[in-house]
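Report on the following structure.
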4 protein chains.
Amino acid sequence: MAKPNGVSKQELIQYAKECLVEKGTEKFTLRAVADTAGVTQGTIYYHFRTKEQLLLSIVEDICEKSWYEISKSNTYVLKQAIASAKSRCSYNSFFHQLFILMTAASFKNEKIRNQLSEIMQAENQALSENLLKIWPASPVHGVSMEAWGIMFNAMVDGLAMQALLQKDFPVEKVYQEFEQIIEALTNLSEKEAAE
Amino acid sequence: MAKPNGVSKQELIQYAKECLVEKGTEKFTLRAVADTAGVTQGTIYYHFRTKEQLLLSIVEDICEKSWYEISKSNTYVLKQAIASAKSRCSYNSFFHQLFILMTAASFKNEKIRNQLSEIMQAENQALSENLLKIWPASPVHGVSMEAWGIMFNAMVDGLAMQALLQKDFPVEKVYQEFEQIIEALTNLSEKEAAE
Amino acid sequence: MAKPNGVSKQELIQYAKECLVEKGTEKFTLRAVADTAGVTQGTIYYHFRTKEQLLLSIVEDICEKSWYEISKSNTYVLKQAIASAKSRCSYNSFFHQLFILMTAASFKNEKIRNQLSEIMQAENQALSENLLKIWPASPVHGVSMEAWGIMFNAMVDGLAMQALLQKDFPVEKVYQEFEQIIEALTNLSEKEAAE
Amino acid sequence: MAKPNGVSKQELIQYAKECLVEKGTEKFTLRAVADTAGVTQGTIYYHFRTKEQLLLSIVEDICEKSWYEISKSNTYVLKQAIASAKSRCSYNSFFHQLFILMTAASFKNEKIRNQLSEIMQAENQALSENLLKIWPASPVHGVSMEAWGIMFNAMVDGLAMQALLQKDFPVEKVYQEFEQIIEALTNLSEKEAAE
DNA sequence: GATGAATGAGGTTTCATTCAT
DNA sequence: GATGAATGAAACCTCATTCAT
């Protein structure tokens, strides 16, 4: 009976994201989103014309958020980036669960795939640029900064995946050792530069 | 050992895996599996009591296959392991798509998660052992061999994820540079050992 | 006399008619009408209280138009009436499509049915009167002028139906032969009258 | 819970036809058909994969029935054909209501349209052949037998439409006068042939 | 052992309609 | 006078599951 109860599109997306992670792809139904948001299914259809549109909006939202993070990343240094990655890397991490769910969905949805791909490449590049700030040269001769960015990012995602699968995954320990490796690489870099 | 007009359990699993990757989680229906296998839905129910059972069988199958690979890995050396990882790391890679789909499913299914987790830890360990064969000592002081195994594995998965998302991901180039890093680490390891 | 940014009732009816023929009964939704008219659904409700009211207005509109035609028909002769019928009798004819759609709707809506019935009877009568002008007597003994009107009208509608169903229906040829029959009947009429 | 209760596809079509005429296009829902047939909606979907398929099956059924009638028509004579037409031409006539509903649906569905068109042409031809049996020559010079078939058929449909719209349409009277016209035309035909 | 017709719960989607603004 | 966000009922459709055969 048409009371404008002021649930904005953005809020709906937030509710949808929560639903998605809470219920998993399988049980991610529009009814669930509607119930969570306290509106009727019709309302969802008024804002997003299909379920796919809602999913795409979720990806867009993730991407926008990520862009914001990335745009900040030029100023903060690698250590902070890693700290941030670690914080998102825990059993039940909202962000990575969402990302993997979306990756799974992307296999059959090019639009989703393209958007995720874009954000991933942007993250790779942001990482490369950060590395440039602390490394005068590539620590290993023949390995481009671009590649370092790709690999660091890959490792962050890979560790997150392991953490999501394994309840007692030693996040603390692994990240600590990871930072030691970075330190060692930084030393190598300086030696390389000296030559 | 297929029966005259029948389909063996193992064959059904194979068909199911194909369906899953071909159709995606969303459209992975028992009817689709039945159609692909050329049997009726009833037949599937004869072999698996529920859809979940079928899914679990798929994970088990993946794991068995992986165990076999791992058991071999004790004998083959790191380079071959990486070559194998690379070969599975391409846009549309069947194996990694399946693995990510299963990971996504695992978030809401503890049995699946436990199995995937086990296999992942086994792989981590196999990698550690392989590294021990070529590294006399850890290349970086304070980083355990265990951690190196975890991180290498993480990177392989992370790279696969990027490759699945990005059509023109430079697999060749990245893996080549990855191998250069390993070489450099091997040198470092030798220096460490010499001290 | 359209208001600045508004849409008059008459215009809405016109848009609705177009929608109905363009989209068919199935997809004839108030949203479609609103979109076509460039207004919102609310606006339609301002002018028509229900969808049924809009439908009825469409029938009324058709009928009014038809009354106008009929009122003219007393002056123009049969040949012109037939030419007019022929022109409306082509594959994709707007008018007859609308009429048949309305007839289909009328089966479950007495108001619509009554209005369509009235206009049909008026057309029958108008045809009879026209025939009286060119026929001194009924060409066939025992057949009333009223019946001739009914039958001529029936044939015009029946031919239209065939033309709507069959893409390559030979409208030209059939109408030409129809006129020859009328001529023959006119001769008969004169003979009858002479007796 | 899966009791085969033996509702055949053919029976479902019959129930669907009844529903269609009883409820009209608008209210022709699969639930209604299911309820009428005493099965669940799922059953309908087991037999017909979509609503459109069910509609098409209805048309096919009408057409098959009509083919049967037509195949008989080569033997029975015109008078009987007209008697049959008259019997189907009454207020609430099941057959013609169905036919007009389908014609309305056909405007937006080429498959339906093509099938209806075919049956109509077959009927036209069957009528022509029947006329040949009682008319030694065309009653009006220059009017082909083919055209007579088309026009007779058109008139039968047109009269049915009027009868469906008008409760007190004088079917008896009109058909009686129609037969008189045929008689007159038969006389004309004989005169023509004599020349 | 295998089938396939049938189910029923629940999914996505549509749409006439309402009402605060 | 006009809007458009919101509704809720009901539409079409899917699918895991059952069971007589």
Atom [atom1] of [X] to atom [atom2] of [N]: distance rounded to whole Å?
X: Q41(A); N: dG10(E); atom1: CD; atom2: P; result: 13 Å
X: R49(D); N: dT14(F); atom1: CZ; atom2: C1'; result: 11 Å
X: L54(B); N: dT17(F); atom1: CG; atom2: P; result: 10 Å
X: Y45(C); N: dA20(E); atom1: OH; atom2: C1'; result: 18 Å
X: D35(A); N: dG10(E); atom1: CG; atom2: P; result: 13 Å
X: I44(C); N: dC15(E); atom1: CD1; atom2: C1'; result: 12 Å

Output the single nucleotide from dT12(E), dC12(F), dA2(E) whose closest atom is nearest the side chain of Y46(B).
dA2(E)
Starting the side chain at C-beta, find the nucleotide from dT7(E), dT14(F), dA6(F) nearest to T43(D).
dT7(E)
So which heavy atom on Q97(D) is nearest to which on L164(D), and how close?
N-CD1, 3.9 Å
Between the side chain of S57(D) and the main-chain N/O of Q53(D), is any donor-acceptor distance below 3.5 Å?
yes
Examine the side chains of S8(B) and E11(B) and answer whether a donor and an acceptor come within less than 3.5 Å of each other.
yes
Take the angle between the ring planes of F99(A) and F95(A) and call it parallel below 30°, perpendicular above 60°, tilted in between.
parallel
Nearest 0.5 angstrom please: T36(C) OG1 to L20(C) CG, how far?
11.0 Å
About how many Å separate CD1 of I100(B) and OG of S106(A), when rounded to the nearest 0.5 Å?
8.0 Å
Evaluate the side-chain hydrogen bond (donor to acceptor under 3.5 Å, both in side chains) criterion for residues Q14(C) and D61(C): first the C-alpha distance (whole Å), next the side-chain angles of each, then the deciding distance (0.1 Å), finally the verdict.
CA-CA 9 Å; Q14(C) 198 51 44; D61(C) 185 76; over 6 Å; no
Just N and O in the side chain of H47(D): are any of them under 4.0 Å from OP1 or OP2 of dA6(E)?
yes
Would you mind reporting whether V33(D) and F28(D) have side-chain heavy atoms less than 4.5 Å apart?
yes
For DNA chain E, find the residues of residues 14-33 of chain C with a heavy-atom distance under 4.0 Å and give them by number; none if there aren't any.
F28(C), T29(C), L30(C)
Heavy-atom nearest nucleotide on DNA chain E taken for K51(C) and for G42(B); more 5' hit belongs to G42(B)
Assign each of T40(D) and T50(C) to its nearest nucleotide of DNA chain E by heavy atoms, then name whichever residue's nucleotide is nearer the 5' end.
T40(D)
For DNA chain E, consecutive-pair runs of 3 or more (Watson-Crick or G-U wobble, both H-bond-type distances under 3.5 Å) give E:2-21 with F:2-21
Counting neighbours of CD on E26(C) that are heavy atoms of other residues, nucleotides or ligands and sit closer than 6.0 Å, is the number greater than 12?
no
